[in-house]
Amino acid sequence: MAKTALVTGILGQDGPYLAKLLLEKGYKVYGMMRRYSKPNYEHLDYLGITDKVDFVEGDLNDEASLINLVRNLRPEEVYNLAAQSFVGSSWDQAKLTAEINALGVLYLLNAIKFFSPTTKFYQASTSEMFGLGNTNGYQDEKTSFHPRSPYGISKVYAYWMTINFRESYGIFTCNGVLFNHESPLRGIQFVTRKISDGVARIKLGLSKELRLGNLESKRDWGFAGDYVEAMYLMLQQEKPDDYVVGTGVNHSVKEFVEEAFKVVGIDDWHKYVVVDPRFKRPAEVPDLKANAAKAKKILGWQPKISFPELVKLMVEADLKRYEAKK
Ligand code: NAP
Ligand code: G4F
């Protein structure tokens with residue numbers, strides 16, 4: 001019998017990559033999406049798996065919808081990837097961010113506790129929880145949290161609730177504390193995709209400038225396709241635990257910009273980039289860099305795609321998208 005997995009956030013960036021991996025491993029994959037009059041399957045189409053996923057409707061804000069799904073499907077694994085995931089919007093929509101990212105996780109955990117307690121649960125935790133916290137310039141599983149945004153704070157609640165269900169009820173729950181991971185499926189609001197898209201437009205003469213916020217902040221950027229393997233591996237261990245996942249190398253936004261313009265053969269990138277205060281945040285996370293030694297040792301996980309490869313992959317995908325529209 002095929003194993004069953006419920007993946008929330010199936011139409012986002014990570015959902016499709018994870019679903020593809022699970023399908024390749026022979027799983028029956030239920031993809032949870034909100035109710036839309038016109039759902040957008042573009043990301044699943046991109047990976048060629050739209051017809052292979054079983055879609056189910058549910059909303060992290062609607063506890064009964066989660067109870068129904070868990071009770072009816074009783075999946076062996078639940079990967080909770082759904083979230084209001086854009087840090088920048090979380091100051092303006094702090095309540096909604098908390099409802100989805102914090103309380104939504106509590107609802108899902110309760111549904112598992114009452115209706116399918118043997119289900120294994122993965123929570124999409126994040127390096128944003130560290131905020132200003134670091135241990136000798138890196139963040140690992142023992143680094144203290146000092147979140148800087150309503151998004152980061154909502155995820156800290158979900159992180160501890162995930163641990164609490166493990167400690168209180170013996171449910172197999174794991175936090176993947178993932179650092180930034182990107183791909184051609186990244187939402188256009190996030191800085192990497194905004195840059196790859198902007199650079200492609202400039203190269204093709206469709207735009208004259210790229211407006212960005214803080215160019216100095218540093219992120220540990222990896223490829224989403226690599227990171228979903230770590231999610232899967234966490235739920236295959238004998239014991240549930242929490243893991244930091246990242247490359248251990250970081251770059252500034254400015255370095256991402258330079259690298260992206262390099263891909264299209266433009267050296268004088270300063271001519272095109274405008275710093276616009278509208279894209280700066282009320283409180284910034286200046287420097288994230290993972291120490292993923294535990295994931296490497298216990299899960300045997302390592303990233304495969306390097307920073308220059310990632311930037312090239314994203315810029316070339318955006319060039320291709322625009323060229324296909326010509
Ligand atoms: P994403 O592209 O923004 O996808 C999130 C998905 O969640 C979207 O498809 C969205 O659905 C869905 N969603 C939002 N609110 C929902 C609700 N109330 N009920 C049900 N679904 C809802 O995010 P991602 O980059 O794939 O990230 C996946 C998860 O990992 C998120 O939890 C994120 O916070 C976390 N994370 C991401 C990173 C990263 O670098 N990508 C790093 C660490 C942690 P719609 O399509 O309907 O809007
Ligand atoms: O791409 P970002 O919006 O990603 P951020 O805030 O790091 O959050 C992402 O990674 C987290 C993991 O650490 C996830 F949990 C979260 O869901 C999301 O996937 O911004 C990256 C950096 C920030 O320092 C931001 O201030 O880029 C800086 N930045 C500079 N100019 C900009 C811009 N960010 C955006 N989105 N847009 C700009 O124009």
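As the structure lists them, so they are numbered: ligands from 1, and atoms in each ligand from 1. The residues of the chain are indexed from 1 along the displayed sequence.
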Residue, atom and distance of the protein heavy atom nearest atom 21 (N) of ligand 1 read Ala82 CB, 3.4 Å

Please report whether ligand 1 has a polar contact with Gly58, defined as an N or O pair separated by less than 3.5 Å (distance criterion only). no

Heavy-atom proximity to atom 30 (C) of ligand 2 ranks first, among Asp14, Asp276, Leu212, Asn214, for Asn214

Is there a side-chain contact between Val87 and Glu128 in this structure, where contact means two heavy atoms from C-beta onward sitting under 4.5 Å apart? yes

Could you check if a side-chain atom of Arg193 sits within less than 4.5 angstrom of a side-chain atom of Asp318, using non-hydrogen atoms only? yes

What residue and atom, counting heavy atoms only, is the protein's closest point to atom 26 (O) of ligand 1, and at what distance? Asp14 N, 2.8 Å

Winner among Gln13, His43, Gln84 once heavy atoms are compared against atom 2 (O) of ligand 1: Gln13

Do any nitrogen or oxygen atoms of Ser125 come within less than 3.5 Å of a nitrogen or oxygen of ligand 1? no

From the options Ser252, Gly88, Ser217, Ala290, select the one whose nearest heavy atom is closest to atom 24 (O) of ligand 2. Ser217

May I ask whether Glu99 places a heavy atom under 4.0 Å from ligand 1? no

Look at atom 3 (O) of ligand 1 and find which of Gly246, Pro16, Ser85 reaches it with the closest heavy atom. Ser85

Is Met32 in contact with ligand 1, taking contact as a heavy-atom separation below 4.0 Å? yes

Look at atom 6 (C) of ligand 1 and say which protein heavy atom is nearest, naming residue and atom and giving the distance to 0.1 Å. Gly9 CA, 3.7 Å

List ligand 2 atoms under 4.0 Å from Tyr151, heavy atoms only on the residue side. 14 (C), 15 (F), 16 (C), 17 (O)

Is the contact between Ser85 and ligand 2 made by the side chain, the backbone, both, or neither, using heavy atoms and a 4.0 Å cut-off? both

Mark yes when over 12 heavy atoms from residues, nucleotides or ligands other than Lys312 sit less than 6.0 Å from its NZ; otherwise mark no. no

Among Leu73, Leu66, Val7, which one satisfies side chain to side chain contact (heavy atoms under 4.5 Å, CB included) with Met32? Leu66

Would you say CG of Asp268 has more than 12 non-hydrogen atoms from neighbouring residues, nucleotides or ligands within 6.0 angstrom? yes

Heavy atoms of other groups near Lys20 NZ, more than 12 under 6.0 Å: no

Can Lys3 be said to sit on top of Tyr27's aromatic six-ring, NZ or CZ under 6.0 Å from centre and within 45° of the ring axis? no

Do we get Lys271 above Phe261's six-membered ring, with its NZ or CZ under 6.0 Å from the centre and within 45° of the axis? no

Gly176 touching ligand 1 at heavy-atom level, < 4.0 angstrom: no

Heavy-atom distances under 4.0 Å decide this one: backbone, side chain, both or neither, for Gln189 against ligand 2? backbone

Nearest to atom 19 (O) of ligand 2 by heavy atom, Glu128, Arg211, Arg219, Arg186: which? Arg186

What is the nearest protein non-hydrogen atom to atom 11 (O) of ligand 1, stated with its residue, atom name and distance? Arg34 NH2, 3.8 Å

Using heavy atoms and a threshold below 4.0 Å, how should the contact between Val191 and ligand 2 be classified: side chain, backbone, both, or neither? both

Closest to atom 19 (N) of ligand 1 among protein heavy atoms sits Leu60 N, 3.0 Å

Among Thr192, Asp226, Asp14, exactly one meets side-chain hydrogen bond (donor to acceptor under 3.5 Å, both in side chains) together with His181. Which residue is that? Asp14

By number and element, which atoms of ligand 1 are closer than 4.0 Å to a non-hydrogen atom of Gly12? 2 (O), 4 (O), 9 (O)

Taking Gln139 for its side chain and Gly133 for its backbone only, find out whether a donor-acceptor pair lies under 3.5 Å. yes

N or O pair under 3.5 Å between Leu81 and ligand 1: yes

The answer for which part of Ser127 has a heavy atom under 4.0 Å from ligand 1 is neither

Closest non-hydrogen contact found for Ala317 with Tyr46 is CB-OH, 4.1 Å

Within a radius of less than 6.0 Å around NZ of Lys113, do more than 12 heavy atoms belonging to other residues, nucleotides or ligands occur? yes

Just which atoms of ligand 1 are under 4.0 Å from any heavy atom in Leu178? 42 (C), 43 (C)

Which of the numbered atoms in ligand 2 are under 4.0 angstrom from any heavy atom belonging to Val87? 6 (O), 8 (O)

With heavy atoms of Val253 as the reference, note each atom of ligand 2 found under 4.0 Å away. 27 (O), 28 (C)

So is Tyr227 close enough to ligand 1, meaning a heavy atom under 4.0 angstrom away? no

Is the shortest N/O to N/O distance between Asp59 and ligand 1 below 3.5 Å? yes

Looking at ligand 1, does Ile100 have a heavy atom less than 4.0 Å from it? yes

When you compare ligand 2 with Trp221, is there at least one nitrogen or oxygen pair between them that comes in under 3.5 angstrom? no

Assess whether a salt bridge exists between Glu323 and Lys320, defined as any Lys/Arg side-chain N lying under 4.0 Å from an Asp/Glu carboxylate O. no

Nearest candidate to atom 34 (O) of ligand 1, where distance is taken over non-hydrogen atoms, out of Tyr36, Tyr151, Phe86: Tyr151

Here the atoms of ligand 1 under 4.0 Å from any heavy atom belonging to Asn180 are 40 (O)

Under a 4.0 angstrom heavy-atom cut-off, which atoms of ligand 2 come close to Phe86? 3 (O), 36 (N)

When you measure from the side chain of Thr119 to the backbone of Glu76, do you find a donor-acceptor pair of N or O atoms at a distance under 3.5 Å? no

What atoms of ligand 1 come within less than 4.0 Å of a heavy atom belonging to Thr126? 43 (C), 44 (C)

Connected via hydrophobic side-chain network under 4.5 Å: Val156 and Val285: yes

Does the structure place the NZ or CZ of Arg186 under 6.0 Å from the centre of the six-membered ring of Phe190, at an angle of no more than 45° from the ring's axis? yes

Which residue supplies the protein heavy atom nearest to atom 41 (N) of ligand 1, what is that atom called, and how far is it? Arg186 NH1, 3.2 Å

Geometric cation-pi criterion Arg281 and Phe86, 6.0 Å radius, 45° cone: yes

Residue part near ligand 1, for Met33, under 4.0 Å between non-hydrogen atoms: neither

re atom 35 (C) of ligand 1, the protein heavy-atom contact at minimum distance is Ala124 CB, 3.8 Å

Of the choices Arg193, Arg281, Arg278, which has the non-hydrogen atom that lies closest to atom 20 (O) of ligand 2? Arg281

Please could you name the atoms of ligand 2 that Thr126 approaches to less than 4.0 Å, counting only its heavy atoms? 11 (C), 12 (C), 13 (O), 14 (C), 15 (F)

If the cut-off is 4.0 Å to any non-hydrogen atom of Ser127, which atoms of ligand 2 fall inside it? 12 (C), 13 (O)

Return the closest protein heavy atom for atom 14 (C) of ligand 1 as residue, atom name and distance. Ala83 O, 3.2 Å

Mind checking whether His181 contacts ligand 1 via backbone (N, CA, C, O), side chain (CB onward), both or neither, at a 4.0 Å heavy-atom cut-off? both

For Glu284, counting its heavy atoms only, list the atoms of ligand 2 lying under 4.0 Å from any of them. 23 (C), 24 (O), 25 (C), 26 (O)

Distance-only N or O hit between ligand 2 and Phe190, under 3.5 Å: no

